[in-house]
There are 2 protein chains.
Amino acid sequence: MGVELWHEAELLAADAVGDVIEHWGFRKVLGRVWTVLYLSGETLPAVDIADRLSMSAGSVSTTLTELQRWAVVKRVWKPGERREYFEAETDFWKMISKVIAERERFVARSVRDRLESAAELLGRGRDAGSKARLERVQRLLAFTNVAEKMIDTFVASRRADFGSFGDLLSLPRGITQRLRRA
Amino acid sequence: MGVELWHEAELLAADAVGDVIEHWGFRKVLGRVWTVLYLSGETLPAVDIADRLSMSAGSVSTTLTELQRWAVVKRVWKPGERREYFEAETDFWKMISKVIAERERFVARSVRDRLESAAELLGRGRDAGSKARLERVQRLLAFTNVAEKMIDTFVASRRADFGSFGDLLSLPRGITQRLRRA
DNA sequence: CACATCGTTCAGATTTTTCTGAAAGTTCGG
DNA sequence: CCGAACTTTCAGAAAAATCTGAACGATGTG
């Protein structure tokens, strides 16, 4: 009875986080699995996750591997225990920072490179069409460079100045109430 | 001949932008179509876009409609002309601001609501499991609220302070060189 | 008014993503 | 060395996203 109560809440939260994560371009399950681990507050074996989220063992395995790749879940070996346990990273800041560092930066670079190729091609053209387009590709490049610099700064400092809220990300306890209607 | 040169560059750039856009959770074509319009520097009829990107008329139509919904492309009626023309929004800042305002804010709210429901459920539980989870759901909520506040501030000011690069987003000409290796 | 030119819509086809379940791999106790 | 308890891998199934093409609607033209 009591168990069913928090289980329902857990699914609700897991699904909500799943949506955010999907919005960031990952699969929903990644968010769900992380949330179950996070909410449990302790390490869990893969089977427990499969049970709670009604997933197949294979899917859980794949998902956990991917979560580890993003350093969002850690594998914990317990001496004497046959099975392995998994633990959620709890530092939101660290997680976001990691994702931005790896993913966003990669995309930004890849795009800049291609835009530069395009600019190079257009630079060769003598016709009006090429000239007109070159100028606009350069604007795109300028924008890309700004974005790239922002990302680098963000990642390097691990604490870019988003307005004045940066500090809150390290989540002091009990702040929920104050923020709720702030 | 000359035409083929810039056409190739155009496709290259369009594809690069398409990838960024896909990374943001939209379809690649949205980025491609916008880019073709942006680079052309003038208004274009739907057919031209279909030709340049080898898309079906239907797909172009759907895509243009969606781009208009995001205020990233405008429809332009030319007196005396039978067909309609389309024009790309060129203000990157305005576009991003719009997307964040509509999309991110929506997700943030939806997630917060669901997390609050979960917290409410957990608050009823008397068992240890519920209590332990409640605390963590509240941390998620605190984080969500911070994110929401950031988004609101960003959108309200239309110029949040991302490091010290905010100003550059309005792209003064010729800045490309300076930034390239800065 | 019949015709020609476009844009829109949407059912069905195609492609891509994601999941499942079974087989194979690993580790440990006996 | 065998069997039990787990995990990983991956081919094929299932589901989701995306695109095409044809039918239709609208608008202007002769």
Side-chain angles (χ1 to χ4, degrees), chain A residues 11 14-15 17-37 43-70 73-87 103, chain B residues 11 14-15 17-37 40 42-70 72-88 103:
Chain A
L11 289 179
D15 224 54
V17 173
D19 280 359
V20 182
I21 251 49
E22 183 179 39
H23 195 71
W24 271 63
F26 297 96
R27 302 203 317 285
K28 265 203 186 83
V29 274
L30 269 73
R32 292 210 201 97
V33 168
W34 176 85
T35 306
V36 165
L37 278 173
T43 60
L44 292 179
V47 198
D48 284 20
I49 299 173
D51 287 349
R52 295 196 192 160
L53 294 174
S54 310
M55 298 169 64
S56 71
S59 190
V60 170
S61 174
T62 306
T63 305
L64 284 172
T65 302
E66 198 169 342
L67 286 172
Q68 279 171 278
R69 181 185 153 342
W70 290 103
V73 159
K74 266 188 307 196
R75 180 186 300 261
V76 177
W77 176 67
K78 297 202 174 179
E81 285 272 7
R82 182 167 316 187
R83 53 195 183 171
E84 306 195 74
Y85 286 77
F86 298 88
E87 180 180 45
R103 223 186 47 162
Chain B
L11 289 179
D15 224 53
V17 174
D19 280 359
V20 182
I21 251 50
E22 183 181 38
H23 194 71
W24 270 64
F26 296 96
R27 303 204 314 284
K28 263 202 187 84
V29 274
L30 268 74
R32 292 209 202 98
V33 168
W34 175 85
T35 306
V36 165
L37 279 172
S40 92
E42 53 187 2
T43 60
L44 294 179
V47 198
D48 285 20
I49 298 172
D51 287 349
R52 296 199 192 158
L53 293 174
S54 310
M55 298 169 63
S56 70
S59 189
V60 170
S61 174
T62 305
T63 305
L64 284 172
T65 302
E66 198 169 342
L67 285 171
Q68 278 170 279
R69 182 184 152 343
W70 291 103
V72 151
V73 159
K74 264 189 308 195
R75 180 185 302 260
V76 178
W77 178 66
K78 298 201 174 180
E81 285 274 8
R82 181 170 318 186
R83 51 195 185 168
E84 306 193 75
Y85 287 77
F86 297 88
E87 181 181 45
R103 222 187 48 161

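Below, chains carry the letters A, B, ... as their sequence lines are ordered, and counting in each starts from 1.
- Which of C/dG7, D/dT7, C/dT9 sits closest to the side chain of A/E84 comes down to D/dT7.
- At the phosphate of C/dT8, OP1 or OP2 sits under 4.0 Å from a side-chain N or O atom of B/S61.
- Summarising the geometry, the separation between CE on B/M55 and P on C/dT14 is reported as 19 Å, rounded to the nearest angstrom.
- Taking 4.5 Å as the limit, some side-chain heavy atom of A/T63 sits within range of a side-chain heavy atom of A/R27.
- One distance of note links CG of A/L30 with CH2 of A/W70; it measures 10.0 Å at 0.5 Å rounding.
- The nucleotide whose nearest atom lies closest to any side-chain atom of B/A57 is, among C/dG29, C/dG21, C/dT8, C/dT8.
- For A/L64 and C/dT18, the CG to C1' distance is 16 Å, given to the nearest whole Å.
- Taking 4.0 angstrom as the limit, A/R75 places a side-chain polar atom (N or O) nearer than this to OP1 or OP2 of D/dT8.
- Taking 3.5 Å as the limit, the base of D/dA17 and the side chain of B/R27 contain no donor-acceptor pair of atoms between them.
- Counting non-hydrogen atoms under 4.0 angstrom, B/V60 reaches nothing in the nucleic acid.
- The side chain of A/R83 lies closest to D/dC6, out of D/dC6, D/dT8, C/dC6.
- Atom CD in B/E66 sits roughly 15 Å away from atom C1' in C/dT9 (whole-Å rounding).
- In this structure, B/F26 places its CZ atom 15 Å from P of D/dA17, rounding to the nearest Å.
- When distances are taken from the side chain of B/A46 to each of C/dG7, C/dC10, D/dC6, the shortest belongs to C/dG7.
- The NZ atom of A/K28 sits 13.0 Å away from the CG atom of A/L53 when rounded to the nearest 0.5 Å.
- Comparing A/V29 and B/P45 by the nucleotide of DNA chain C whose heavy atom lies nearest to each, the residue mapping closer to the 5' end is B/P45.
- For the atom pair CD (B/E84) and OG1 (B/T43), the distance works out to 11.5 Å, reported to the nearest 0.5 Å.
- Following rounding to the nearest Å, B/K78 (NZ) and D/dG28 (P) show an atom-to-atom distance of 16 Å.
- One can place CD1 of A/I49 at 11 Å from P of D/dT8, the figure rounded to the nearest angstrom.
- Rounded to an integer number of Å, the gap from NZ of A/K28 to P of C/dT17 is 16 Å.
- In this structure, of D/dT20, D/dT8, D/dT9, it is D/dT9 that holds the atom nearest to the side chain of A/T62.
- Note: CG (B/D48) to C1' (C/dG7) measures 14 Å, nearest angstrom.
- Between the CG atom of B/L67 and the CG atom of B/L37 there is a distance of 8.0 Å, given to the nearest 0.5 Å.
- Toward the 5′ end of DNA chain D lies the nearest nucleotide of A/R82, the other residue of the pair A/T65 and A/R82 mapping further downstream.
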